[in-house]
Amino acid sequence: MYDPTVARLTYRALLGRRRALILGALPLLLLVIAVAVRALAGADDQTATDVLGGFALATMVPIVGVIAGTGAIGPEIDDGSVVYLLSKPIKRPTIIFTKLIVAIAVTMVFSAVPTLLAGLILNGNGQQVAVAFTLAALVASIAYAALFLLLGTVSRHAVVFGLVYALVWEALFGSLVPGARTLSVQQWSLAVAQKVADGNLVTSDVGLPTATVLLAAVTVLATWYAGQKLRSLTLAGEE
């Protein structure tokens with residue numbers, strides 16, 4: 001289910017100079033904000049929660065997921081180079097699964113690691129806030145990578161649709177419309193953070209058991225459907 005050659009090519013595509021700079025921009029901004037907030041306001045648990053929840057988890061993680069998830073396969077489909085990959089004796093689910101693993105790894109590195117560092121800067125992991133949001137970023141990275149890899153497989157405008165989901169549905173509707181929060185990867189990952197953090201600093205509209213089931217279901221279904229779409233793409237090319 002994992003092909004090292006496909007993984008190496010995907011890493012090379014995702015971590016090229018231009019895309020790496022884009023991936024690193026938001027994590028760098030988060031660290032700059034954390035340093036500035038700590039210098040101006042000192043160590044405060046609520047402030048750390050607001051910064052990590054409002055910027056890191058709500059904005060940085062999904063956007064990094066968009067870049068990594070769609071970039072793992074979208075450009076290959078757009079420029080037609082995916083044909084050469086599909087011509088190799090590699091099962092289509094193996095291609096998708098390998099690219100998903102790479103997208104997850106890249107999303108985790110560029111979102112969970114800076115989230116942990118920012119949390120340590122903001123309040124030194126007081127009330128377990130830094131660890132809580134780091135774990136939330138890790139589980140969110142898995143679901144986002146699967147969702148946006150699927151988008152990259154089915155649409156040539158995957159980045160646009162991904163950004164609309166991340167910035168409009170997750171950030172806007174997810175914060176204003178109660179019903180939308182239950183269908184939000186952000187809220188599902190917040191359920192993990194709520195379980196880890198001390199006190200009532202972190203809250204989620206979704207219970208942890210439900211969030212766990214939804215995170216797993218979205219990841220599995222998105223990965224499976226991406227494999228099906230890639231298989232149909234192969235058949236179209238052969239015809």
From CD1 (Ile63) to CZ (Phe148), nearest 0.5 Å: 9.5 Å
Beyond-backbone contact of Thr210 with Thr182, side-chain heavy atoms, under 4.5 angstrom: no
Ser141 side chain to Ile104 backbone, donor-acceptor under 3.5 Å: no
Single-linkage hydrophobic cluster Leu208~Val139, side-chain heavy atoms < 4.5 angstrom: yes
N/O donor-acceptor pair under 3.5 Å between Arg92 side chain and Arg231 backbone: no
Expected output: side-chain Asn125 to main-chain Ala130 donor-acceptor under 3.5 Å: yes
Considering all heavy atoms, the nearest Val61-Ser111 contact: CG2-CB, 3.8 Å
Partner set under ring pair (Phe, Tyr, Trp, His ring centres under 6.0 Å) for Phe133, not counting sequence neighbours: none
Hydrophobic cluster identity match, Val113 and Leu120, side-chain contacts under 4.5 Å: no
Heavy-atom pair of closest approach, residues Val202 and Ala197: CG2-CB, 3.8 Å
Exercise: identify the closest heavy-atom pair between Leu30 and Ala56: CD2-CB, 3.9 Å
Minimum side-chain heavy-atom gap Leu23-Val64 below 4.5 Å: yes
Nearest-0.5 Å distance that lies between atom CG in Asp205 and atom CD in Gln186: 10.0 Å
Flag side-chain contact, heavy atom, 4.5 Å: Asp3 against Ile95: no
Give the table of side-chain donor-acceptor pairs shorter than 3.5 Å for residues 7-16, with sequence neighbours excluded, one pair per line with atom names and distance.
{"from": "Thr10", "atom 1": "OG1", "to": "Val6", "atom 2": "O", "distance (Å)": "2.7"}
{"from": "Thr10", "atom 1": "OG1", "to": "Lys99", "atom 2": "NZ", "distance (Å)": "3.0"}

Val129-Leu117 co-clustered via ILVMFWY side chain contacts under 4.5 Å: no
Side chain to side chain, Asn123 and Asp44, heavy atoms closer than 4.5 Å: no
Over all atoms of both residues, closest heavy-atom pair of Ala146 and Ala222: O-CB, 3.6 Å
Non-hydrogen side-chain atoms of Ile101 and Thr98 separated by less than 4.5 Å: no
Test side-chain contact (heavy atoms from CB on, under 4.5 Å) applied to Leu135 and Val131, step by step: CA-CA 6 Å; Leu135 291 176; Val131 171; 4.2 Å; yes
Leu183 with Leu221, same ILVMFWY side-chain cluster at under 4.5 Å: no
Short side-chain to backbone donor-acceptor contact, Gln187 and Val206, under 3.5 Å: no
Straight-line distance of Met1 CE to Ile96 CD1, nearest 0.5 Å: 10.0 Å
Gln194 side, atom CD; Leu201 side, atom CG - distance, nearest 0.5 Å: 11.0 Å
Co-membership, hydrophobic cluster, residues Ile22 and Leu26, 4.5 Å side-chain: yes
N/O donor-acceptor pair under 3.5 Å between Ser155 side chain and Leu151 backbone: no
Close side-chain approach of Ile90 to Thr5, heavy-atom, < 4.5 Å: no
Qualifying ring pair (Phe, Tyr, Trp, His ring centres under 6.0 Å) pairs with a residue from residues 185-230, counting only residues at least two apart or across chains: none
Smallest separation among heavy atoms of Thr107 and Ala68, with atom names: OG1-CB, 3.3 Å
Non-hydrogen side-chain atoms of Thr115 and Met60 separated by less than 4.5 Å: yes
Verdict with supporting geometry, Ile142 and Met108, side-chain contact (heavy atoms from CB on, under 4.5 Å): CA-CA 8 Å; Ile142 299 173; Met108 285 181 172; 3.7 Å; yes
Approximate separation, where rounding is to 0.5 Å, of Leu52 CG and Ile33 CD1: 10.5 Å
Shortest non-hydrogen separation from Pro114 to Leu31 and the atoms involved: O-CD2, 3.8 Å
Value rounded to 0.5 Å, distance of OG1 in Thr94 from NZ in Lys88: 16.0 Å
Side chain proximity check, Thr223 to Leu149, heavy atoms < 4.5 angstrom: no
